[in-house]
Amino acid sequence: MREKKLLSKSYDPHPVETRWSKFWLEENLFVADVDSSKPKFSMVLPPPNVTGVLHMGHALCFTLPDIIVRWKKMQGYNTMWLPGTDHASIAVHNVIEQSLAEKGLSREKIGREEFLKLAWDWKNKYGGVITEQLKRLGCSLDWSRERFTMDEGFSRAVKYVFVSLFKENLIYRDYYLVNRCPRCRTVLSDIEIEHKEVKSKLWYIKYPFPDSDDGIIVATTRPETMLGDTAVAVHPEDDRYARYHGQKVILPLQNRLLPVIADETVERDFGTGAVKVTPAHDPTDFELGKKHQLEQIIVIDGNGKMTEAAGEAFQGLDRFECRQKVVEKLEEIGLLVKIEDYTHVVGHCYRCKTIIEPHLSWQWFVRIEPLAKEATRVVEEKKIVFIPENWTKTYFEWMYKIHDWCISRQLWWGHRIPAYYCQDCGHLMVEMDEPKACQKCGGPVQQDEDVLDTWFSSALWPFATLGWPEKTRDLEVFYPTDLMATGFDIIFFWVARMIMMGLKFMKDIPFREVFINGLVRDMKRRKMSKSEGNIIDPLEMIDKYGTDALRFTLSSLAVPGMDISLSEDRMAGYRAFANKIWNASRFVLMNLSDEEPDRINRKDLSLPNRWIRSRLFRVSHQLSASLKEYKFYEASEAIYHFIWHEFCDWYLEFIKPELRQGNRTTQEVMEDILKKILGLLHPFMPYITEEIWHHLPGTGRSLLESSWPEPPADWLDEEAEITMNFLQEIISEIRTIRAENRLPLKEKVNLWICGNSHQKSMAEPYEAAIRQLAGVEGIEFVQELPVDRKLLRGVAGTTEVGIQVARTIDLKAEKERLEKEIAKTKEDISKLEARLNNDDFLKRAPAIVVEEHKQRLVELKLKQEKLARSWQELVN
RNA sequence: GGGCGGUUAGCUCAGGGGCAGAGUGCCGGUCUUACAAACCGGAGGUCACUGGUUCGAACCCAGUACCGCCCA
């Protein structure tokens, strides 16, 4: 006797998830073996922010690769999926500053050391939240290799990279106009700026000539910056202003003399064609200023407040207050000519949405072109491919016009820049370890105050996590990784930079394929955001529907290159699917043989067994093919349909009579098929499949360790598929007739089947199943249907069926049903005939297509004939 | 301004030169000894528009409209 554990009546995900999630970790099922002889498949997880909370974007971005990893593992790969978290410099920094502000404190007040202590405390307290949530999602991550971007080894790798790049002159320090967020009080790189349209004004201001009331009118969107103007510029070929080249105008409010310069970058169509030039506060003006050697006057400081240089009247004002005041003053002195409504694009901080301020300061930059060149080349040469492919274009577009990368941030939480300045002579030293004294004059040294852009360290993720710069075995075995799965929003931030750094320091690509998943949107296709209040919380969904249902929903909606509109209805549908599998398994368990299975002999297999094996063969290949191309939706659809509508609806129903007779072979096939189904479904729904697996006798430690079901080619059985299809048609036809005539299943009927001898021989052995599935009592095969007023007639394929009922039938309804079907058939026939009567079609269409059309026409005509006869019988 | 994607059933979406598909919702029926989170049946479509290529176009090409995203 074998051990069988029966299942409860419905599936309750939560205890199951808790149990297996714990089991997988305790048994180290996800831990990769560096000495394995199997081929490796490795990935690194895009590290979520250490203080983050799981959202639907994560859920998608982590579920899809998990499907791949589990599938690969079952296929016999030595899989390694490395998890970790990112220190999220600016995000954490903001949180700590905010909590300080609430207590009336500031980072300056408590100092760097104390601040960092608070940040680490915060990290230690909340850093585990997201990793626990990842475990709930069921991700098969190798937690023994978990890393943090600020752990000791990683920090050393970051420092090493900085020092190396500096020594190679690929990192430099420069006084440059950069984007600064006055609220976050740090500079940001170009791609951290969000450009958004803003409704604003265009102010026209007159800059008078020294010796007349006349002047040049300039238009500006930022009147407050005029306080720092050092020129007025016009286009050299603009006739309106030609005579003023080289002359001077007076800068109102400041009463400075400004030169009128000519430069072809001036847009003649903008405003009056004359523009004010503020080199310290506008990127275009900055370039212009450099070209014409203009003075840079800083009138706005890094916090958005007006400086002393702005003048007594404005000093200390916020930049927007100042704008107001400047406009008022100009109006007072009659130099404000007019104000127009104006819509233009303004840069905002990607984190806090504050309008950024161009800010002139000393910053660190990565010289990007040499790195970008290599990174572009490997994609051009298809050493790295994007999936879907069209993201390649996006990648190239950015790479071709890339700017140097500003990597310094005026924050404290992060990797502090390993640059040291001599207090005495100002000498700059960039070293792995802090120099004790100035290498030049022996004076005391001080470290640079700034930290590095978070993305600088993230860029090293695929190799620094594996122990680099040490030469580790992990690095040797698992680098380069095979797949990177992430969102398109960080192709520039992260993917491109990983490629650059990987090539630079490992001399090899960091990954071979980049799978870009879509954005998760709500039902109205809107981006989910806290402020919109349209967030669908994955944890809430897990509580409500179970992890497997959530995973399957995401997978079934994941069409490469498309965003996902998430609906809760869909999730409810897949919870039902989980329950369906549960109950099908329950049925199987209730009907299992008590004895050890024998070897299944192919000759003993009845039709449904041959059919389901053939179907499973096809589905298993379909799944592998779909997953290979990351068509998760296609794979999900295939396994869903197979389990529910073939295995449950037809196979299990069909074999009930055989099971009742205690057919051992059928019992064994059924068990085998279920086991294989669980395997095929496991990557998508790991929890429920593992749970059921352990209820089945003779199974191992974990379903994840069993091999991916790939039945041998001799499972394919076209004959069984044809026969089964024929029976399905007959049964469906009878069911339709019954439903249309309100004949409940318990009202047993007699059935006539009128087909040729071949059809008869196909159906005859399965009378029991037909009885079971169509509620039939007696079955008779006849040459012609008898003339009988109480006979309901129909045509299944080309086979006529008639069912006899005890009571009088509703002639009208039955007539209507037949008429409808006749009309439909007629329509199909005329479409086909039209085509077959077309000489061009016969001449030019492939022979096989023509043959198919002809065949179909013959069948339809036969059907029409039979339907007409049935109808005739009815009206007589 | 440049680029990318979309427009197919009430809704959410697949498909991609030769029969218009799925899930969900809707309508009707059924507690058929695994499952009412189920089962059986049914209705529901100018495949955005205009033109072209083709024997044949929802599908390929060109253009238009609308929606969304990215970059300046």
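Order of the sequence lines sets the chain letters (A, B, ...), proteins ahead of strands, with each chain counted from 1.
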Just checking [X]: base, sugar-phosphate only, or nothing, at a heavy-atom cut-off of under 4.0 Å?
{"X": "A:R738", "answer": "nothing"}
{"X": "A:R586", "answer": "sugar-phosphate"}
{"X": "A:R735", "answer": "sugar-phosphate"}
{"X": "A:K820", "answer": "sugar-phosphate"}
{"X": "A:F577", "answer": "nothing"}
{"X": "A:R660", "answer": "base"}
{"X": "A:T394", "answer": "nothing"}
{"X": "A:H403", "answer": "nothing"}
{"X": "A:D649", "answer": "sugar-phosphate"}
{"X": "A:N579", "answer": "base"}
{"X": "A:H195", "answer": "sugar-phosphate"}
{"X": "A:V850", "answer": "nothing"}
{"X": "A:K580", "answer": "base"}

State whether [X] places a side-chain N or O below 4.0 Å from either non-bridging phosphate oxygen (OP1 or OP2) of [N].
{"X": "A:K746", "N": "B:U30", "result": "no"}
{"X": "A:Y633", "N": "B:G15", "result": "yes"}
{"X": "A:K831", "N": "B:A20", "result": "yes"}
{"X": "A:H645", "N": "B:G23", "result": "yes"}
{"X": "A:K656", "N": "B:U32", "result": "no"}
{"X": "A:K843", "N": "B:C55", "result": "no"}

Write down the distance separating the [atom1] atoms in [N] and [M], rounded off to the nearest Å.
{"N": "B:C11", "M": "B:G25", "atom1": "C1'", "answer": "7 Å"}
{"N": "B:U8", "M": "B:C13", "atom1": "C1'", "answer": "9 Å"}
{"N": "B:U64", "M": "B:G1", "atom1": "P", "answer": "13 Å"}
{"N": "B:U46", "M": "B:A20", "atom1": "C1'", "answer": "13 Å"}
{"N": "B:G2", "M": "B:C59", "atom1": "P", "answer": "26 Å"}
{"N": "B:G21", "M": "B:C47", "atom1": "P", "answer": "14 Å"}
{"N": "B:G18", "M": "B:G23", "atom1": "P", "answer": "22 Å"}
{"N": "B:G44", "M": "B:G3", "atom1": "P", "answer": "44 Å"}

Between [N] ([atom2]) and [X] ([atom1]): distance, integer Å:
{"X": "A:E814", "N": "B:G42", "atom1": "CD", "atom2": "P", "value": "14 Å"}
{"X": "A:F552", "N": "B:U12", "atom1": "CZ", "atom2": "C1'", "value": "16 Å"}
{"X": "A:W582", "N": "B:A38", "atom1": "CH2", "atom2": "P", "value": "17 Å"}
{"X": "A:I655", "N": "B:U32", "atom1": "CD1", "atom2": "P", "value": "20 Å"}

Exercise for the section: Establish, from distance only, whether the side-chain atoms of A:Q864 and A:T825 form a donor-acceptor pair under 3.5 Å. Expected result: no
Practice task
Decide whether A:D404 and A:Y176 meet the rule of one side-chain donor and one side-chain acceptor closer than 3.5 Å.
Solution key: no
Exercise for the section: Taking the side chain as every heavy atom from C-beta outward, state whether A:V619 and A:F647 have any atom pair closer than 4.5 Å. Expected result: no
Handout entry: Side-chain touch A:I542/A:E17, heavy atoms, less than 4.5 angstrom
Key = yes
Exercise for the section: Take A:W644 and A:E740, find for each the nucleotide of RNA chain B with the closest heavy atom, and name the residue whose nucleotide sits nearer the 5' end. Expected result: A:W644
Exercise for the section: Please figure out whether A:I193 or A:T736 has its closest RNA chain B nucleotide nearer the 5' end. Expected result: A:T736
By nearest atom, which of the nucleotides [options] is closest to the [X] side chain?
{"X": "A:S10", "options": "B:U12, B:A37, B:C4", "result": "B:A37"}
{"X": "A:R575", "options": "B:U24, B:A37, B:C19", "result": "B:A37"}
{"X": "A:K9", "options": "B:U30, B:A36, B:A37", "result": "B:A36"}
{"X": "A:R742", "options": "B:G28, B:A14, B:C35", "result": "B:G28"}

Completion exercise
With both pairing distances under 3.5 angstrom for Watson-Crick or G-U wobble, and | for a partner in another strand, the correct string for RNA chain B is (((((((..((((....[..)))).(((((.......))))).....(((((..]....)))))))))))).
Handout entry: Straight-line distance of A:D649 CG to A:H641 NE2, nearest 0.5 Å
Key = 8.5 Å
Fill in the blank from the handout: So CD1 of A:I516 and CZ of A:F488: to nearest 0.5 Å the spacing works out to 9.0 Å
Completion exercise
Test ring-ring contact (aromatic ring centres under 6.0 Å, His included), reference A:F552, set A:F632, A:Y574, A:Y633, output is A:Y574
Handout entry: A:R793 side-chain N/O to A:L867 backbone N/O, donor-acceptor pair under 3.5 Å
Key = no
Exercise for the section: Could you tell me whether A:E733 and A:R817 have a side-chain N and a carboxylate O separated by less than 4.0 Å? Expected result: yes
Problem - A:E357 with A:R222: basic N within carboxylate O range, under 4.0 Å - result: yes
Problem - Presence of donor-acceptor pair under 3.5 Å, side chain of A:E653 and base of B:A34 - result: yes
Practice task
Please indicate whether A:K748 has more than 12 foreign heavy atoms, meaning atoms of other residues, nucleotides or ligands, lying under 6.0 Å from its NZ.
Solution key: yes
